[in-house]
Amino acid sequence: MIRVEHLYKSYGSLQVLKDINLSVQEGEVVSIVGASGAGKTTLLQIMGTLDRPDKGVVSIRNTVVSDLSEKELSRFRNLNIGFVFQFHNLLPEFTAVENVCMPAMIAGQTLDEAKPEAMKILEFLNLTGRADHKSSQLSGGEQQRVAVARALINRPAVVLADEPSGNLDSAHAKELHELFFQLRDRYNQTFVIVTHNQELAGMSDRQIVIKDGCNYNA
């Protein structure tokens with residue numbers, strides 16, 4: 001479902017990624033691990049079309065994303081890729097359900113059209129009673145679950161998560177890790193997760209190690 005072939009990326013004289021080759025199947029939970037500065041986040045950003053490689057191919061659902069124009073790429077990203085970051089990045093002036101609806105509204109739906117699906121996801125995440133609360137009224141774990149709901153609203157091909165539990169205490173981190181697998185089982189959702197958390201990496205179907213700009217299977 002995701003294919004990365006002969007991927008290279010440098011910033012000036014610093015070569016960050018060199019000849020990365022990997023694939024991710026639909027419904028897999030894959031962790032990308034490695035030391036700080038190894039290139040994990042760079043790889044995730046390229047897979048998420050937020051950055052372009054110097055060389056190589058990234059294909060998602062048989063679409064070679066490097067062949068797309070910027071306008072096409074923005075729409076493809078909105079409809080096919082969900083993002084969860086270490087910091088939830090919720091918009092503070094909007095409620096939880098309004099935050100969840102944002103990607104659907106960017107895709108062309110109205111708030112009223114997007115709300116039923118948003119509420120369905122929030123219900124699955126046990127957040128129905130918090131739907132009308134703003135982010136400042138939510139706990140850290142609740143904020144991150146809202147961010148997960150936002151990533152899921154357009155039923156993306158893949159959710160890319162960059163240190164999603166890095167800002168959570170151990171109890172909320174464990175809750176979030178278990179949630180990823182519940183979502184995989186419920187929706188056959190695919191996840192690619194950059195993490196330093198050994199518990200989360202160990203729970204994953206597969207680990208990909210990035211070392212010295214190259215990838216290895218753990």
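Put simply, the side chain of Asn215 does not reach to within 4.5 Å of the side chain of Asp19, judged on heavy atoms. Val58 has its side chain within reach of Ile46: a pair of non-hydrogen atoms, C-beta onward, lies under 4.5 Å apart. Thr49 has its side chain within reach of Ile81: a pair of non-hydrogen atoms, C-beta onward, lies under 4.5 Å apart. When side chains are defined from C-beta on, Met105 does not count as touching Thr110, because their heavy atoms never get closer than 4.5 Å. Between Asp67 and Glu72, every side-chain heavy-atom pair lies at or beyond the 4.5 Å cut-off. The shortest distance between side-chain heavy atoms of Ser59 and Val65 does not fall below 4.5 Å. The side-chain heavy atoms of Leu111 and Cys101, taken from C-beta on, include a pair separated by under 4.5 Å. A heavy-atom distance below 4.5 Å is not found between the side chains of Lys55 and His6.
Interatomic distance, CG of Asn154 versus CE of Met102, reported as 13.0 Å (0.5 Å rounding). The distance from atom OG of Ser204 to atom CD1 of Ile32, rounded to the nearest 0.5 Å, is 10.0 Å. Put simply, CG on Leu22 and CD1 on Ile208 are 4.5 Å apart, with the number rounded to the nearest 0.5 Å. To the nearest 0.5 Å, atom NZ of residue Lys9 and atom CG of residue Leu14 are 11.5 Å apart.
Side-chain N or O atoms of Asn78 include none that pairs as donor or acceptor with a backbone N or O of Ser74 at under 3.5 Å. Between the side chain of Asn197 and the backbone N or O of Glu199 there is at least one donor-acceptor pair closer than 3.5 Å. The backbone N or O of Ser139 sits less than 3.5 Å from a side-chain atom of Glu142, completing a donor-acceptor pair. Gln143 places a side-chain N or O within donor-acceptor distance of the main-chain N or O of Ser135, the cut-off being under 3.5 Å. Side chain of Ser10 to main chain of Ser13: no donor-acceptor pair is present (N/O by atom type, distance under 3.5 Å, no hydrogens or angles). Here the side chain of Asp212 pairs no donor or acceptor atom with the backbone of Ala38 at under 3.5 angstrom. Between the side chain of Gln189 and the backbone N or O of Leu183, no donor-acceptor pair lies under 3.5 Å. In this structure, Asn99 contributes its side chain and Leu91 its backbone to a donor-acceptor pair below 3.5 Å. Judged by distance alone, with hydrogens and angles left aside, the side-chain atoms of Gln45 form no donor-acceptor pair with the main-chain N or O of Asp51 at under 3.5 Å.
When hydrophobic clusters are built by joining Ile, Leu, Val, Met, Phe, Trp and Tyr residues whose side-chain heavy atoms come closer than 4.5 Å, directly or via intermediates, Phe85 is grouped together with Val158. Connection of Met203 to Ile193 is established within a shared hydrophobic cluster, with ILVMFWY side chains joined at heavy-atom distances below 4.5 Å, either directly or through further cluster members. Placement of Phe124 and Leu122 within a single hydrophobic cluster is found when ILVMFWY residues are connected by side-chain heavy-atom separations under 4.5 Å, directly or transitively. Under a hydrophobic-cluster definition in which Ile, Leu, Val, Met, Phe, Trp and Tyr are linked whenever side-chain heavy atoms come within less than 4.5 Å, directly or via other members, Ile2 and Leu73 are assigned to the same cluster. Residues Val146 and Tyr187 share a single hydrophobic cluster, defined by chaining ILVMFWY side chains whose heavy atoms lie under 4.5 Å apart.
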**Request:** Output, in order, the C-alpha distance, side-chain angles, deciding distance and verdict of side chain to side chain contact (heavy atoms under 4.5 Å, CB included) for Tyr8 and Gln15.
**Result:** CA-CA 8 Å; Tyr8 289 79; Gln15 188 168 42; 3.5 Å; yes
**Message:** Run Lys40 and Asp162 through salt bridge (Lys or Arg N to Asp or Glu O under 4.0 Å) and show every step you take.
**Reply:** CA-CA 9 Å; Lys40 304 183 299 299; Asp162 192 1; over 6 Å; no
**Asked** Should Thr95 and Arg130 be marked as a side chain to side chain contact (heavy atoms under 4.5 Å, CB included) after you check the CA-CA gap, both sets of side-chain angles, and the distance that decides it?
**Response** CA-CA 9 Å; Thr95 64; Arg130 313 295 277 166; over 6 Å; no
**Request:** Carefully, step by step, assess Arg52 and Glu70 under the rule salt bridge (Lys or Arg N to Asp or Glu O under 4.0 Å).
**Result:** CA-CA 11 Å; Arg52 291 186 182 267; Glu70 288 300 325; 3.0 Å; yes
**Item:** Step-by-step salt bridge (Lys or Arg N to Asp or Glu O under 4.0 Å) determination, Glu175 to Arg145
**Value:** CA-CA 10 Å; Glu175 183 181 88; Arg145 277 187 285 153; 3.5 Å; yes
**Request:** Using the salt bridge (Lys or Arg N to Asp or Glu O under 4.0 Å) rule, take Glu117 and Lys120 through it: C-alpha gap first, then chi angles, then the decisive distance, then the call.
**Result:** CA-CA 5 Å; Glu117 179 67 16; Lys120 188 187 303 182; 3.5 Å; yes
**Item:** CA sep, side-chain torsions, deciding dist, call: Arg150, Asn89, side chain to side chain contact (heavy atoms under 4.5 Å, CB included)
**Value:** CA-CA 11 Å; Arg150 180 181 58 192; Asn89 295 332; 4.2 Å; yes
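Between Phe83 and Arg77 the shortest heavy-atom distance is CE1-CG, 3.7 Å. Residues Met47 and Leu160 come closest through the heavy atom pair C-CD1, 3.9 Å. When all heavy atoms of Ala118 and Ile153 are compared, the pair lying nearest together is N-CD1, 3.5 Å. When all heavy atoms are compared, the tightest approach of Val33 to Thr195 is CG1-O, 3.7 Å. Of all non-hydrogen atoms in Gly39 and Leu17, the two that sit nearest each other are O-CD2, 3.6 Å. The two atoms that bring Gly27 and Asn188 nearest to each other are CA-OD1, 3.4 Å, heavy atoms only.
Relative ring orientation between Phe191 and Phe180 is described as tilted, the plane-to-plane angle lying within the 30° to 60° band.
Atom CG of Asn62 is surrounded by 12 or fewer heavy atoms from other residues, nucleotides or ligands within 6.0 Å. At most 12 non-hydrogen atoms from other residues, nucleotides or ligands lie less than 6.0 angstrom from CD of Glu123.
Salt bridge present: Arg184 and Asp205 bring a charged side-chain N and a carboxylate O closer than 4.0 Å. Comment: Arg206 engages Glu28 in a salt bridge, judged by a side-chain N to carboxylate O separation of less than 4.0 angstrom.
The closest side-chain donor-acceptor pair between Arg3 and Ser23, if any, does not fall under 3.5 angstrom.
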